[in-house]
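Here is the structure we will look at, set down as structure tokens.
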Amino acid sequence: MNTYSADRSNLPIRDRLGLRPIINVSGTMTTLGASIIVPEAIAAMAEIASQWVEMDDLQRAASTVIARLTGGEAGFITACCASGITMAIAGAMTGTNLLAIERLPDDTEGLKSEVVIQLGHIVNYGAPIDQSIRLAGAKTIPAGTVSVTQDYHVREAINERTAAGLYVVAHHTVQYGMLSLEEFCEICHATGVPVIVDAASEYDLRSFLARGADIVVYSGHKFLSGPTSGIVTGRKDLVRTAYLQNRGVARAMKVGKESIAGAMAALEAWERRDHAGIRRLEEAALNLWKDALQGIAGIGAEIIPDPTANPLDRLQVFVRPESRFTAAGLASALAAGSPPIIVRNHEVERGHFFLDPCNLHAGEAEIVAERLRAVLSAAERPANAMKEPRKESSGALRWPD
Ligand SMILES: *Cc1c(COP(=O)(O)O)cnc(C)c1O
């Protein structure tokens with residue numbers, strides 16, 4: 001229940017707005033506010049907020065920064081990665097035909113309007129990726145099966161209507177049996193089909209273009225710790241046609257000057273960031289949590305690398321029945337405490353969850369360690385300690401109540 005009331009102006013903003021002071025150990029989650037924005041980006045956003053600017057010039061400046069950091073020929077900032085995907089696809093469909101841009105998404109007559117994607121890449125990141133394809137007016141052509149894609153699956157899926165191939169790099173995708181980016185690019189490029197890569201939460205800003213992608217799209221608010229935004233980079237002709245969609249479907253995905261300036265500042269801060277120092281802090285948090293879980297019956301803990309090879313480890317916490325918790329039950333016990341601790345729980349039905357150290361404020365790692373021990377050493381278990389994870393969506397329908 002939100003207890004917003006306007007007469008508490010001397011309180012911190014979360015208290016003022018009636019928001020719970022959560023500790024996020026789940027990663028860069030849209031539902032938890034996406035990122036802790038770096039000070040450089042906050043300053044840039046505040047500074048530009050009260051100024052008039054010529055948006056095409058601001059995006060030109062962004063293009064220069066993006067090109068320098070990614071090795072792309074050009075780039076721009078958009079509302080988020082999902083909108084960048086839609087814009088890149090729409091651009092591959094319309095080219096520079098300004099009327100076609102206004103006709104999307106429902107009138108695609110005369111345009112290439114199919115997008116080939118491996119079936120194991122049709123992920124959901126809060127919304128299904130095929131909807132980002134459909135928003136452009138394109139049709140999703142799945143290639144292969146959920147567990148295997150062969151070269152011929154993609155080759156045979158391509159025809160004269162194919163506008164683009166879409167390749168997803170993420171822990172969300174099937175992690176085996178899929179074509180590599182190089183293989184996917186080779187097949188698409190053999191018939192002149194451009195490849196768009198969704199690299200929303202990948203730290204590596206250069207390798208996907210270097211490995212053959214024509215366009216790569218990142219989130220500005222994930223590892224980059226920028227404001228909610230997306231970054232499109234790659235071949236200049238395709239970046240241009242994607243950018244032109246601001247005159248069409250992307251109007252409904254408008255990015256503001258403050259997000260553009262903030263994302264640029266976050267990119268430049270990324271260049272200067274003390275990556276090794278941050279890694280050491282993350283390792284210290286992981287070891288603290290691992291130690292806190294030592295010797296507790298039914299609980300195992302292992303530090304594991306990120307599935308897509310980002311320079312980030314997480315603590316995998318195994319929850320067995322001797323602990324008198326299920327993984328889902330322990331996750332909800334942590335979320336029910338004060339302050340609520342939100343773990344990375346997308347695999348709880350497999351009997352584990354993860355603790356992600358990449359979004360901590362000073363002192364929070366210690367609170368998480370204490371709470372783990374307190375919850376697990378309490379004589380009493382909460383009522384729902386052994387709850388089974390259920391796909392229960394009715395809560396979404398109750399908002400705003
Ligand atoms: C988060 C994510 C997205 C969506 O990114 P937004 O910037 O939030 O729109 C798309 N693809 C993948 C793989 C993601 O992880």
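All residue numbers in this chain count up from 1 along the given sequence. Just so it is clear, the model here is predicted, and its values are computed rather than measured. Atoms within a ligand are numbered from 1 in the order they appear, just like the ligands themselves.
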Pair Asp237 + Arg240, salt bridge at N-O below 4.0 Å: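 No, Asp237 and Arg240 are not salt-bridged.
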Heavy-atom side-chain proximity of Glu268 to Val65 below 4.5 angstrom: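 Side chain of Glu268 against side chain of Val65, heavy atoms only: contact under 4.5 Å found.
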Aromatic ring proximity His121/His172, centre distance under 6.0 Å: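 Centroid distance His121-His172: not below 6.0 Å, so no.
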May I have the step-by-step check of side chain to side chain donor-acceptor pair (under 3.5 Å) for Ser225 and Arg273, ending in yes or no? CA-CA 11 Å; Ser225 306; Arg273 188 184 285 197; 3.3 Å; yes
Rounded distance [0.5 Å steps], NE2 in His189 versus CD in Glu182: 11.5 Å
Under a 4.0 Å heavy-atom cut-off, which residues neighbour ligand 1?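 Answer by chain and number: Thr30, Cys80, Cys81, Ala82, Tyr125, Ala170, His172, Asp198, Ala200, Ser201, Ser219, His221, Lys222.
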Among residues at least two apart in sequence or on other chains, which ones pass ring-ring contact (aromatic ring centres under 6.0 Å, His included) with Tyr243?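 Checked Tyr243 against ring-ring contact (aromatic ring centres under 6.0 Å, His included); matches are Phe76.
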